[in-house]
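We use all heavy atoms of the structure for the numbers below, so side chains are in, but hydrogens, waters and symmetry mates are not.
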Amino acid sequence: MSAGTVVLAGTVLFAAGCSTAGAGLKDAGPAHTETVARSNPPTAGADTGPAAPGHSPAASTGGQVKRVDPVALIKADPKVSAAVKRDLKPCSGKEYPIDVSYGKVTGNSAVDIVVNVLSCADAMGRGSYVYRAEGEKYENVFADEQPPVYAEIDRGDLVLNKPVYGKSDALSYPSGEDVITYHWNGERFAEQDRVHTDYSNVVDGGSQPAPATSQKS
């Protein structure tokens, strides 16, 4: 078994109510769901129960999506840093600050899993990870632990949103944002596109000009 491969024999879902949705032009990240399991989207009749031992974690036919316990997935993953694991604690009760998306992003017949670990205090993205189903196992095929970061699936590609802060920026108003698009090349994710946006300094009063956007090679 290679490093980064995680086996889950049984899973439990927890609700995560710590995530906070952003608003406005300048935000600390994309809006987050308030549940620990977010499908992209689930197909009608999808199985929301735990993945049974001895079965593939994500069905390749029939449109069914097998849910996993993202907390156990992160905790058991040797590629996740000790700091992220140490700080991953319930915000209240059993509510963990984790967003999960299920969708196709690696060209696999089974559904991939994108996990975003947030902070309880401000819903800042601490780490983003992509897990690829390999039979009954999950292989960590992508990780970004340079906060703030938030990963999403967009039309088969992996898109990272990374707010950029200046020294005097408030959390809700970063100076800009990098949006990085990755495409699976059959073996790994390769960067396809990078767009940087510089936000206007106008916050209150007067009109707010459109952000200045530039592409980075």
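Contact between A143 and Y129 at its shortest, heavy atoms only, is CB-CD2, 3.6 Å. Contact detail for P97 and C120: the closest heavy-atom pair is CG-SG, 3.8 Å. The minimum heavy-atom distance between G166 and S175, with the atom names listed, is N-OG, 3.5 Å. Closest of all the heavy-atom pairs between P174 and Y199 is O-CD1, 3.4 Å.
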Original post:
Do M124 and L171 pass the side chain to side chain contact (heavy atoms under 4.5 Å, CB included) test, and can you show the C-alpha distance, the side-chain angles, and the key distance before you say yes or no?
Top reply: CA-CA 9 Å; M124 182 76 74; L171 181 64; 2.7 Å; yes
**OP:** May I have the step-by-step check of side chain to side chain contact (heavy atoms under 4.5 Å, CB included) for E177 and N161, ending in yes or no?
**Re:** CA-CA 7 Å; E177 183 181 36; N161 297 274; 3.6 Å; yes
**OP:** Dump the intermediate steps for side chain to side chain contact (heavy atoms under 4.5 Å, CB included) on T197 and V179, then the final yes or no.
**Re:** CA-CA 8 Å; T197 299; V179 178; 5.9 Å; no
**OP:** List the steps and the verdict of side chain to side chain contact (heavy atoms under 4.5 Å, CB included) for V141 and Y131.
**Re:** CA-CA 6 Å; V141 293; Y131 292 93; over 6 Å; no
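Inter-residue side-chain proximity for D112 and Y102 is flagged as unmet; no heavy-atom pair is nearer than 4.5 Å. The side-chain heavy atoms of V111 and K104, taken from C-beta on, include a pair separated by under 4.5 Å. The shortest distance between side-chain heavy atoms of D193 and H183 does not fall below 4.5 Å. Side-chain contact between V105 and V130: present, with at least one pair of heavy atoms (C-beta onward) separated by less than 4.5 Å. Looking only at side-chain heavy atoms (C-beta outward), I98 and V115 come within less than 4.5 Å of each other. At least one side-chain heavy atom of I113 sits less than 4.5 Å from a side-chain heavy atom of V100.
Among residues two or more places apart in sequence or in another chain, the side-chain hydrogen bond (donor to acceptor under 3.5 Å, both in side chains) test is passed with R132 by T106, E134. In this structure, the side-chain hydrogen bond (donor to acceptor under 3.5 Å, both in side chains) partners of S81, at least two apart in sequence or on a different chain, are E145. With sequence neighbours excluded, no residue satisfies side-chain hydrogen bond (donor to acceptor under 3.5 Å, both in side chains) with N185. Residues forming a salt bridge (charged side-chain N to carboxylate O under 4.0 Å, His left out) with D169 (at least two apart in sequence, or on another chain): none. For the ring pair (Phe, Tyr, Trp, His ring centres under 6.0 Å) test, residues two or more places apart in sequence or in another chain that qualify with F142 are Y182, F189. Partners of D87 according to the side-chain hydrogen bond (donor to acceptor under 3.5 Å, both in side chains) rule, which considers only residues two or more places apart in sequence or in another chain, are R126.
Summarising the geometry, atom CG belonging to L158 is positioned 10.5 Å from atom CH2 belonging to W184; distances are rounded to the nearest 0.5 Å. Separating the SG atom in C91 from the CG atom in L118 is a distance of 8.5 Å, to the nearest 0.5 Å. The CZ atom of R155 sits 9.0 Å away from atom OG1 of T181, with the distance rounded to the nearest 0.5 Å.
Between K162 and D144 there is a salt bridge, since a side-chain N of the basic residue sits under 4.0 Å from a carboxylate O of the acidic one.
Not one N or O on the side chain of N140 forms a donor-acceptor pair closer than 3.5 Å with the backbone of K79. The closest donor-acceptor contact from the side chain of K75 to the backbone of L88 lies under 3.5 Å. Side-chain atoms of N108 come within 3.5 Å of backbone atoms of A133 as a donor-acceptor pair (strictly under, hydrogens ignored).
Counting non-hydrogen atoms of other residues, nucleotides and ligands closer than 6.0 Å to CD of Q146 gives a total of 12 or fewer.
Each of I180 and V159 belongs to its own hydrophobic cluster when Ile, Leu, Val, Met, Phe, Trp and Tyr are linked at side-chain heavy-atom distances under 4.5 angstrom. Placement of V84 and Y138 within a single hydrophobic cluster is found when ILVMFWY residues are connected by side-chain heavy-atom separations under 4.5 Å, directly or transitively. Neither V164 nor Y150 shares a network with the other; the hydrophobic side chains, linked directly or stepwise wherever heavy atoms of I, L, V, M, F, W or Y lie under 4.5 Å apart, form separate groups for each.
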